[in-house]
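Remember, it's 1-based here, ligands and their atoms both numbered in the order they're listed.
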Amino acid sequence: MKNIAIFASGAGSNAQKIIDHFRGSDKARVALIVCNKPGAGVLAIAAHEGIPSILIEREGFFHSDKYVQLLKEQQTDLVVLAGFLWKIPANLVQAFPNRIINIHPALLPKYGGKGMYGHFIHEAVVAAGEKESGITIHYVNEKYDDGEMILQERCIITPDDTPETVAQKVQALEHQWFPVIVERLLSGL
Ligand code: GAR
């Protein structure tokens with residue numbers, strides 16, 4: 001049985017899709033939810049699903065090996081960032097080479113980097129008059145939104161689209177593809 005740790009900061013809709021995807025599987029399970037934001041929706045999902053969750057604090061995350069050790073102790077095979085808004089520190093990247101992936105709600109390298117998350121992205125995409133947007137799933141390195149790409153999927157943007165409707169289109173792609181890609185990567189580990 002492979003162990004997935006999901007890192008999330010927000011509502012957790014992608015976390016929920018991954019949990020649903022592996023429910024009843026004998027190959028992999030979501031073994032841990034890691035969150036940096038008290039009260040985030042993803043914590044309620046973890047509680048409802050009976051999945052252990054931890055609320056991490058800045059000092060331990062950025063200036064110690066505390067959470068690296070915890071992930072190792074839990075025999076984590078894959079770390080999945082699903083709307084996790086802190087940068088991943090070098091010690092964590094190095095402890096899990098090619099075993100940390102992120103989903104980004106745009107076609108990287110456009111609309112990536114610090115401060116580019118959630119609705120800010122969709123607002124920028126609409127303001128720029130883009131004809132398409134989409135998702136990027138990529139390996140995580142020590143820079144924001146920079147590691148090797150695993151998958152991009154696109155959606156069309158029409159002149160009628162608003163940041164909200166673009167968000168819906170992008171979220172549909174995320175929910176469709178993220179669990180499938182997680183499964184594909186795990187089968188190669
Ligand atoms: C997702 O759209 C994800 O791509 C995005 O946050 C959302 C989380 O939604 N991530 C980023 O913007 C990272 N730069 P969720 O909590 O419902 O899964």
List, one per line, each side-chain donor-acceptor pair under 3.5 Å for residues 15-24, sequence neighbours excluded.
unit_1: Q16; atom_1: NE2; unit_2: D20; atom_2: OD1; d: 3.0
unit_1: Q16; atom_1: NE2; unit_2: E49; atom_2: OE2; d: 2.8
unit_1: D20; atom_1: OD1; unit_2: R23; atom_2: NH1; d: 3.1
unit_1: D20; atom_1: OD1; unit_2: R23; atom_2: NH2; d: 3.4
unit_1: H21; atom_1: NE2; unit_2: E183; atom_2: OE1; d: 2.6
unit_1: R23; atom_1: NH2; unit_2: E49; atom_2: OE1; d: 2.5
unit_1: R23; atom_1: NH2; unit_2: E49; atom_2: OE2; d: 2.8

Atom pairs and distances, side-chain donor-acceptor, residues 70-90, under 3.5 Å, sequence neighbours left out:
unit_1: K72; atom_1: NZ; unit_2: A95; atom_2: O; d: 2.8
unit_1: T76; atom_1: OG1; unit_2: L71; atom_2: O; d: 2.8
unit_1: D77; atom_1: OD2; unit_2: N3; atom_2: N; d: 2.7

Residues 141-150, side-chain donor-acceptor partners within the protein, below 3.5 Å, at least two apart:
unit_1: N141; atom_1: OD1; unit_2: K143; atom_2: N; d: 2.9
unit_1: N141; atom_1: ND2; unit_2: D146; atom_2: OD2; d: 2.9
unit_1: E142; atom_1: OE2; unit_2: Q94; atom_2: NE2; d: 3.3
unit_1: D145; atom_1: OD1; unit_2: H104; atom_2: ND1; d: 3.4
unit_1: D145; atom_1: OD2; unit_2: G113; atom_2: N; d: 2.8

List below, pair by pair, the N or O atoms of ligand 1 and of the protein that are less than 3.5 Å apart, including the distance to 0.1 Å; reply 'none' if no pair qualifies.
unit_1: ligand 1; atom_1: 2 (O); unit_2: E174; atom_2: OE1; d: 2.8
unit_1: ligand 1; atom_1: 2 (O); unit_2: E174; atom_2: OE2; d: 3.1
unit_1: ligand 1; atom_1: 4 (O); unit_2: E174; atom_2: OE2; d: 2.4
unit_1: ligand 1; atom_1: 12 (O); unit_2: G118; atom_2: N; d: 3.1
unit_1: ligand 1; atom_1: 14 (N); unit_2: H104; atom_2: ND1; d: 3.4
unit_1: ligand 1; atom_1: 16 (O); unit_2: A11; atom_2: N; d: 3.4
unit_1: ligand 1; atom_1: 16 (O); unit_2: G12; atom_2: N; d: 2.7
unit_1: ligand 1; atom_1: 17 (O); unit_2: S13; atom_2: N; d: 2.9
unit_1: ligand 1; atom_1: 17 (O); unit_2: S13; atom_2: OG; d: 2.6
unit_1: ligand 1; atom_1: 18 (O); unit_2: S13; atom_2: N; d: 3.3
unit_1: ligand 1; atom_1: 18 (O); unit_2: N14; atom_2: N; d: 2.9
unit_1: ligand 1; atom_1: 18 (O); unit_2: N14; atom_2: ND2; d: 2.9

CA sep, side-chain torsions, deciding dist, call: H175, S13, side chain to side chain donor-acceptor pair (under 3.5 Å): CA-CA 8 Å; H175 292 174; S13 72; 2.9 Å; yes
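Of the options V30, I6, L32, a side chain to side chain contact (heavy atoms under 4.5 Å, CB included) to I51 is made by V30 and by none of the others.
Side chain of Y111 to backbone of F120: no donor-acceptor contact under 3.5 angstrom is found.
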